[in-house]
Structure formats: C-alpha cells, structure tokens
Amino acid sequence: MNKIHQPAAEPAGARRLLAFDTSTSSLAVAVMEGGSLLAEHHLHAERNHSAVLISAIQEALDKAGIHKSMLDGIAVGLGPGSYTGARIAVTTAKTLAWALKLPVYGISSLEALALGGWARAAGQTVAALGASAAGCGGRSAANASQNAAEVLVSGDWIVPLMDARRGQVYTALFTAKPGRMPERLASDGIRLMVSWMSELAGRLEAAAPEERPARIWIVGETEAGKAQHHSEAAREVLGPHAGETLQVFPYELEGGWVGLAGLRRSLLGDSDQLHTLEPNYTQLAEAEAKRLGKG
C-alpha cells in the first residue's frame with residue numbers, strides 16, 4: 001500500500017529523514033520532512049524483506065520527490081522482533097548511512113508499533129502527532145520524564161505486542177494523550193504474556209485514581225494464529241481489573257509511524273555510532289526462562 005502526503009510548512013530544525021523497519025511481518029518505509037509525512041510504503045512481506053526492502057525504499061523516495069542526496073538522516077527499527085528482519089534493516093541502514101555520509105538513528109520497533117496502533121485506534125493523525133514530535137525536538141531527558149508524568153494523569157496506556165512463541169511476547173508500556181507523542185513507562189522486553197498481564201493488573205490496582213488510564217490499548221499481533229491467545233490472556237487476566245477501559249486492537253506496522261518515531265529521535269540530535277549499531281536481540285529474563293523450562 002502506498003500513500004502520498006503533501007508536506008506542511010517546514011518547522012525550525014526540520015530534517016528530511018528516511019525511516020524503515022523490517023522487524024515484523026510488515027515491511028514499513030517512510031520519508032519525513034519535519035513533522036510531515038512525504039511518502040510511505042508498507043506491505044506484508046514475511047520472510048522476504050531482503051528481496052524487497054531496497055526497491056521499497058526507492059519507491060518511497062520517488063513518491064516523495066526526494067533524491068538520496070537530499071536526505072539528512074536515516075532512522076531504522078532495531079527490534080525487538082524477527083532476528084533476521086532486524087538484521088536486514090540495520091545492515092541496510094548502516095550501508096546507506098556510510099555511503100551517503102549521514103547520521104543514523106536507531107529506534108525501538110515496539111515504540112513505533114505502539115505509536116501506530118494507538119494512533120489508528122484512537123483516531124490520531126500523522127499531521128497532528130508530527131507537529132507534536134517536531135515541537136518537542138531537543139527535549140532533555142529531565143523534560144521527557146516530566147512530560148511522561150503529565151501524560152500519565154488520565155492518559156491512555158499502550159501495550160504493544162509481537163508474538164515471541166511459547167506464550168511469550170515482545171512488549172513494553174507507553175502512555176499518551178490525544179495530540180501528544182507517547183512516552184515510555186516500561187522498557188522493551190520479552191515477557192511471558194500471562195505474567196505481563198498480571199504485572200499490569202497489579203500496577204493498575206496500585207495506581208492513584210487520577211493516574212488510572214482512560215483506556216488500555218493492547219495493540220499489534222493479537223488475532224492471527226497463536227497470537228489470538230495473547231488477546232485471550234489480556235481479557236482473562238487484565239480484563240477483570242480494567243473493565244471497559246481494556247481495548248484490543250489488531251495492528252500491522254505502517255511506514256508513517258516508523259517515520260514519526262524516527263523523527264523524534266533525530267530531532268534530539270543524538271545519532272548512533274555507525275559501526276557499533278546493532279539490532280535489539282531482547283532475551284527472556286533468566287528467572288522467567290527457568291520457570292518456562294520447567295513448564
């Protein structure tokens with residue numbers, strides 16, 4: 001699927017950014033200019049990312065009317081997710097960045113999945129959230145923490161899911177309000193789904209009334225095949241504590257949201273070292289791995 005968007009006026013500090021992610025079954029590519037999405041390309045290409053990524057990148061650049069020499073940076077999804085997919089994306093990003101002498105910015109694939117799933121489910125637009133991302137470029141870590149605390153009050157919780165087999169998921173926790181980019185509440189990791197839902201239920205019960213989320217969005221791989229068990233676990237374990245605030249929303253990663261996650265990272269100015277950038281090969285915590293082995 002391809003979409004072309006007319007760029008808005010370029011804000012101060014805007015960058016022309018190529019962003020892509022192949023850590024899931026959905027190959028997602030975007031070209032950003034400031035807070036505007038110039039073009040995106042996404043398709044379901046499970047186990048075939050290496051054969052189509054370069055052509056998908058070129059197609060997105062052509063649709064955006066951008067030559068590679070006009071880019072200011074490259075953002076790439078590091079995972080977690082498919083080991084092979086993450087390696088393909090990171091290797092491609094490093095090769096392009098080296099050849100074009102551009103900075104490279106690694107982003108969390110779960111952050112992009114959370115952003116896109118929540119935005120689609122809650123009716124948020126690329127334009128509105130793009131303006132938010134561009135407007136908060138260069139925030140310090142302290143300001144980011146303060147903003148997360150502000151959003152936590154009556155904001156939504158976003159729980160992205162990627163199936164990791166054997167009852168496990170790649171997941172994290174974010175919070176967001178309409179018109180504002182999500183902020184992180186828990187790190188990326190591979191977790192046992194039932195244990196993760198129990199942990200969130202406990203966190204929900206311990207929250208002060210003003211900190212309880214307006215909605216809890218379970219987004220990502222939630223319905224096909226074994227992933228259906230994840231939505232069932234969410235409803236059975238977390239549902240009794242969350243009630244009607246719990247919402248399950250199947251979602252495949254799209255280019256525009258990868259682009260917005262990349263934009264926010266690039267505007268902070270802290271690019272990654274080209275030769276040391278690696279995929280995020282998240283491992284199950286040792287205690288959970290032992291417990292799983294006994295099951």
Side-chain angles (χ1 to χ4, degrees), residues 35 77 80 107-126 128-137 139-162 169-189 191 193 195-222 230-231 234-235 237-239 241-251 253 256-258 260-265 267-268 280 282:
I107 62 172
S108 161
S109 299
L110 284 170
E111 178 182 352
L113 186 70
L115 171 60
W118 169 72
R120 288 296 187 190
Q124 301 298 294
T125 66
V126 172
L129 293 176
S132 173
C136 66
R139 282 186 310 157
S140 67
N143 286 339
S145 298
Q146 179 180 357
N147 193 60
E150 292 172 353
V151 176
L152 183 59
V153 178
S154 299
D156 290 352
W157 282 5
I158 315 166
V159 185
L161 297 181
M162 298 181 195
V169 289
Y170 298 109
T171 187
L173 178 63
F174 298 83
T175 184
K177 279 185 175 179
R180 300 173 69 171
M181 292 285 285
E183 301 290 346
R184 183 180 292 277
L185 294 180
S187 62
D188 292 354
R191 299 173 170 97
M193 181 63 180
S195 298
W196 177 228
M197 292 298 101
S198 295
E199 180 180 333
L200 292 181
R203 187 168 187 160
L204 183 63
E205 291 298 321
E210 67 274 11
E211 293 182 345
R212 291 180 69 88
R215 290 284 186 276
I216 301 176
W217 297 100
I218 309 291
V219 303
E221 296 180 0
T222 61
H230 303 325
S231 60
R235 293 187 176 98
V237 179
L238 183 57
H241 302 269
E244 294 182 357
T245 66
L246 181 63
Q247 304 289 326
V248 178
F249 188 77
Y251 174 73
L253 193 58
W257 310 110
V258 176
L260 282 188
L263 171 69
R264 178 159 69 171
R265 173 71 201 283
L267 289 174
L268 292 173
N280 177 10
T282 304

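As the structure is a computational prediction, the values presented were derived from the model and not from experiment.
Of the possible polar contacts, none joining the T245 side chain to the A214 backbone as a donor-acceptor pair under 3.5 Å is found. In terms of modelled atom types and a separation under 3.5 Å, the side chain of T175 and the main chain of G155 share no donor-acceptor contact. A donor-acceptor pair is defined here as one N or O able to donate and one able to accept, closer than 3.5 Å; such a pair exists between the side chain of S231 and the backbone of T222. The closest donor-acceptor contact from the side chain of R120 to the backbone of Y251 lies at 3.5 Å or more, if one exists at all.
For P80 against M162, the heavy-atom pair with the smallest separation is O-SD, 3.2 Å. Nearest heavy atom pair, residue W257 against residue A112, reads CB-O, 4.0 Å. The nearest pair of heavy atoms linking L129 to A119 is CD1-CB, 4.0 Å. Considering all non-hydrogen atoms of both residues, A186 and A172 come closest at O-CB, 3.6 Å. M181 and L260 make their closest contact through CE-O, 3.9 Å (heavy atoms, listed as atom of the first residue, atom of the second, distance). Closest of all the heavy-atom pairs between P178 and W118 is N-CZ2, 4.0 Å.
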Please assess R235 against V248 for the test side chain to side chain contact (heavy atoms under 4.5 Å, CB included), listing each intermediate value before the final yes or no.
CA-CA 9 Å; R235 293 187 176 98; V248 178; 3.6 Å; yes
Report the C-alpha separation of D156 and K177 in whole Å, then their side-chain angles, then the decisive distance to 0.1 Å, and conclude whether the side chain to side chain contact (heavy atoms under 4.5 Å, CB included) test is met.
CA-CA 6 Å; D156 290 352; K177 279 185 175 179; over 6 Å; no
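Taking A128 as the reference, T125 meet the side-chain contact (heavy atoms from CB on, under 4.5 Å) condition, with sequence neighbours excluded. Qualifying side-chain contact (heavy atoms from CB on, under 4.5 Å) partners for Q247, counting only residues two or more places apart in sequence or in other chains: R215, W217. Residues that satisfy the side-chain contact (heavy atoms from CB on, under 4.5 Å) test with A206, not counting sequence neighbours, are absent from this structure. Applying the side chain to side chain donor-acceptor pair (under 3.5 Å) rule to Y170 yields no partners; only residues at least two apart in sequence or on another chain are considered. Every residue was checked against the side chain to side chain donor-acceptor pair (under 3.5 Å) condition with E244, not counting sequence neighbours, and none meets it. D188 meets the side chain to side chain donor-acceptor pair (under 3.5 Å) test with S108, R184; sequence neighbours excluded.
Taken from CZ in R264 to CG in L115, the straight-line distance is 7.5 Å, to the nearest 0.5 Å. Atom-to-atom distance recorded for I218:CD1 and I158:CD1 is 10.5 Å, nearest 0.5 angstrom. In this structure, I216 CD1 and L246 CG are separated by 6.0 Å, a value rounded to the nearest 0.5 Å. Here the straight-line distance linking atom CD of E199 with atom CZ of R203 works out to 7.5 Å at 0.5 Å rounding. Once rounded to the nearest 0.5 Å, the distance linking CG of L238 with CH2 of W157 reads 8.0 Å. The CG atom of L204 sits 11.0 Å away from atom CD of E211, with the distance rounded to the nearest 0.5 Å.
Side-chain contact between V258 and L253 is present, with heavy atoms from C-beta onward closer than 4.5 Å. Residues V159 and V219 are not in side-chain contact: their nearest non-hydrogen atoms beyond the backbone lie 4.5 Å or more apart.
In the model, H241 has a side-chain atom that pairs as donor or acceptor with a side-chain atom of E205 under 3.5 Å.
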